[in-house]
Amino acid sequence: MKRVYCIIEKCLSCRSCEIACAVAHSESKALADAVVEHPLPKHRIHVESIGAEETPQTIRSIALQCRHCEDPLCAQACISGGISRNRETGEIINDPDRCVACWSCIMVCPFGVIVRYEDCHRAVKCDHCADRGSPACVESCPTHALLFCEAEEAPIDNLVK
Amino acid sequence: MRIVIIGNSAASTAAIETIRAYDTKSSITQLSRETHPLYSRCLISYYIAGKLDKNGLRYRSPDFHMKMDVKLNLGCFVSEVDPSSHKVKCADGSTYPFDKLLISTGSSAKIPDTIPGGLRGVFVLRTIDDAESIRRRMPQVKSVVILGGGLVGMRAADALSRCGLKVHVIIGSDRILSRMIDYDAAQVVGKRVRENNIEIMTGTDISEVMHKNGEVVGVKTDHSRVLDCEMLIVAKSVKANTELVQNTDIKIRRGIETNASMQTNYENIYAAGDVAETFDLAAEEYTVNALWTCAVQQGRIAGKNMAGKQAQYSGSVSMNSLNFWGIPLTSFGITTPEEETSYTILKENRPERNIYKKIVIGNNRIKGLILVGEAANAGVLFSLIQNKIDVSPFTGELLDDRFNFGKVIQHGGNAVLEKYYRGQST
């Protein structure tokens, strides 16, 4: 299964991915219109600081999103059965029609990548832009810090060096 | 191999899915005392409130048991387990031989002696049948009294107040949800509860149920207050459904005793879910954590071992997540330690913004927490409990609104990062 991988050295913390993600999950699919939508669309990728190296100029950051885990705790905690693995793609899908907004999935996600979408009364997370074909965040990244690839193709050994 | 599973809820469903991931050959027979197909017990209050119909309660697709090749016998009450002859016996006289057995019979509401039996209008809330009975009664109800301010009681209060009923909740302790949260958190949540036509009465109990022609008409509290009501819901506490092994030498304390493989003292008999006693990671003692997520996790471990693979349960942690009229509430582990001196307690209380946070730290590990008003990153903190991470390098940042997984990467380094990249949640 493909996942999104963030190359920390290349992440500028510009949050372009967050904007692209929100737009991709908006009604209008266009930034200029999405910003005035009600409710406002919600991004499912989250740029977080992982601390400065020696000087504040070298703040390191990472864009975090759902890992579609091998052992998805969110699916185990979901009381409605709305979170499950798509047998074909291997992705963890979150059926919006079955979500009862109890936040049990948020309670157990170790990566903190499921968020409340209070306006729509449901929890949301990365779906790899299922209805779009490919993740908008990856396309939007100006430094190509985001990769969408199989684990075998991802330079994980280099990423964690 | 013949596998028999007793029960039809969280633990048994997880066990079935796990067994079938490794073993498609063994026969699985599932026996459920309820007559309804699989549904999510946690959702029945949503059904009472009319937020979900029966279809919305289903926990898996209707063809789940067919796809899993499970023979499901509904309305089948197992009266006895015979560990020596490897058979279970049902109330209707039928018997089922097994090579491996999973007992996941759940728990039931305890009814205090002060509540007389057989009265119309008195209910518990454990099953879809209970929820249906409550719904049928509702047209003739204006006021309802709920005995017990725990999870079930408060969910019932939420649902019934949404239906326009006047709700009184009678609570023995000094606050709502006393097993989940502390006094200050209960004040924040309690304010929102009261705003929704629910009256909370703490430190009191029902001394007498008043009735007329076999119907409940009110209750008297031990403070001599009289409350008229046409419905009484008893949600004080639960007991593990262990009756079927009572006359065997299967060991029982608060629930059926289990080891890390979810085995009872018979190696081919497993127990999981509300009926099972497990090691509590935060309290560091054996107890019953009668919670949905714990039941699923225990069912998975039992299932894997039953399929002949190895899996060990690291233990359960009390964990709850609720949404009270838009106020999220999460709690884990030890939230109100008895001896506060041996713990470091971090607190943030902003009742005007409906925010309350508390983190209980012992021996540099998070032992428990309460988050009111914000659920974000609750799971990040939970993983610190589960993995027994030494939080001393970043204790000062734990309460920060911006505390997130980035901080865990910052302090945990590449090992943490690699688990994240590979999608390893545990």
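All figures in this text were calculated on a predicted structure; none of them were measured in a lab. Lettering of chains follows the sequences in order, A, B, ..., and the numbering in each one begins at 1.
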- Query: Does B:Lys388 NZ have over 12 foreign heavy atoms under 6.0 Å away?
  - Reply: no
- Message: If you count every heavy atom of other residues, nucleotides or ligands that lies below 6.0 Å from A:Glu27 atom CD, does the total exceed 12?
- Response: no
- Among B:Ala10, B:Gly56, B:Ser321, residue most engaged with chain A (heavy-atom pairs, under 4.5 Å): B:Ser321
- Task: With a 4.5 angstrom heavy-atom cut-off, could you sort out which part of A:Cys109 is near chain B: side chain, backbone, both or neither?
- Result: backbone
- Task: Under 4.5 Å, counting heavy-atom pairs only, tell me which of B:Arg300, B:Gln386, B:Lys419, B:Gln424 racks up the most with chain A.
- Result: B:Arg300
- Whatever's closer than 4.5 Å to a heavy atom in chain B on A:Ala77 counts as both
- Message: Taking A:Ser80's backbone N and O only, do any of them form a donor-acceptor pair with B:Ser40's side chain (distance below 3.5 Å, no angle check)?
- Response: no
- Query: Heavy-atom distance under 4.5 Å to chain B: side chain of A:Leu159, backbone, both or neither?
  - Reply: both
- Item | Winner by heavy-atom pair count (cut-off under 4.5 Å) against chain A, out of B:Ala415, B:Gly413, B:Ser331, B:Pro328 | B:Pro328
- Query: Which bit of B:Leu417 is near chain A, if near means a heavy-atom gap under 4.5 Å: side chain, backbone, both or neither?
  - Reply: both
- Task: Go through the atoms of A:Ala123 and report whether side chain, backbone, both or neither lie under 4.5 Å from a heavy atom of chain B.
- Result: neither
- Note on the structure: chain A shares the most heavy-atom pairs under 4.5 Å, among B:Val296, B:Leu381, B:Asn320, B:Asn404, with B:Asn404
- Message: More than 12 heavy atoms of other residues, nucleotides or ligands under 6.0 Å from CZ of B:Arg402: yes or no?
- Response: no
- Query: For the candidates A:Glu70, A:Glu118, A:His121, which exhibits the highest count of non-hydrogen atom pairs separated by less than 4.5 Å from chain B?
  - Reply: A:Glu70
- Exercise: identify the closest heavy-atom pair between B:Trp292 and A:Gln76: CD1-O, 4.1 Å
- Query: Do you know which of B:Arg58, B:Gln297, B:Arg41 has the most heavy-atom pairs with chain A at a distance under 4.5 angstrom?
  - Reply: B:Arg58
- Message: Looking only at heavy atoms and a cut-off of under 4.5 Å, which of B:Lys407, B:Met319, B:Glu418 has the most pairs with chain A?
- Response: B:Met319
- Message: Using every non-hydrogen atom in the two residues, find where B:Tyr59 and A:Arg98 come nearest and quote the distance to one decimal.
- Response: N-NH2, 4.3 Å
- Message: Looking at every non-hydrogen atom in both residues, tell me the closest pair between B:Gln410 and A:Ile50 and how far apart they are.
- Response: CG-O, 3.2 Å
- Item | Lys/Arg cation over aromatic B:Tyr421: A:Arg3, 6.0 Å, 45° cone | no
- Message: I need the minimum non-hydrogen distance between A:Trp103 and B:Leu322, along with the two atoms involved.
- Response: CD1-O, 4.1 Å
- Message: Counting only non-hydrogen atoms closer than 4.5 Å, does A:Leu64 touch chain B with its backbone (N, CA, C, O), its side chain (CB onward), both, or neither?
- Response: both
- Task: Could you look at A:Ile156 and say if it's the side chain, the backbone, both or neither that has a heavy atom under 4.5 Å from chain B?
- Result: side chain
- Indicate the atoms forming the closest heavy-atom contact of B:Leu52 with A:Val100, along with that distance. CD1-CG1, 4.0 Å
- Item | Per-residue contact mode, B:Arg422 against chain A (heavy atom under 4.5 angstrom) | both
- What part of B:Ala14 gets closer than 4.5 Å to chain A, counting heavy atoms only: side chain, backbone, both or neither? neither
- Message: For A:Cys105, which atoms come within 4.5 Å of any heavy atom of chain B: side chain, backbone, both, or neither?
- Response: neither
- B:Ser425 versus chain A, the contacting section by heavy-atom distance below 4.5 Å: both
- Message: Ignoring hydrogens, what is the shortest heavy-atom contact between A:Met107 and B:Phe332? Give both atom names and the distance.
- Response: O-CZ, 3.1 Å
- B:Asn387 portion near chain A, given a 4.5 angstrom heavy-atom threshold: neither
- So, the part of A:Asp97 with a heavy atom under 4.5 Å from chain B: the answer is neither
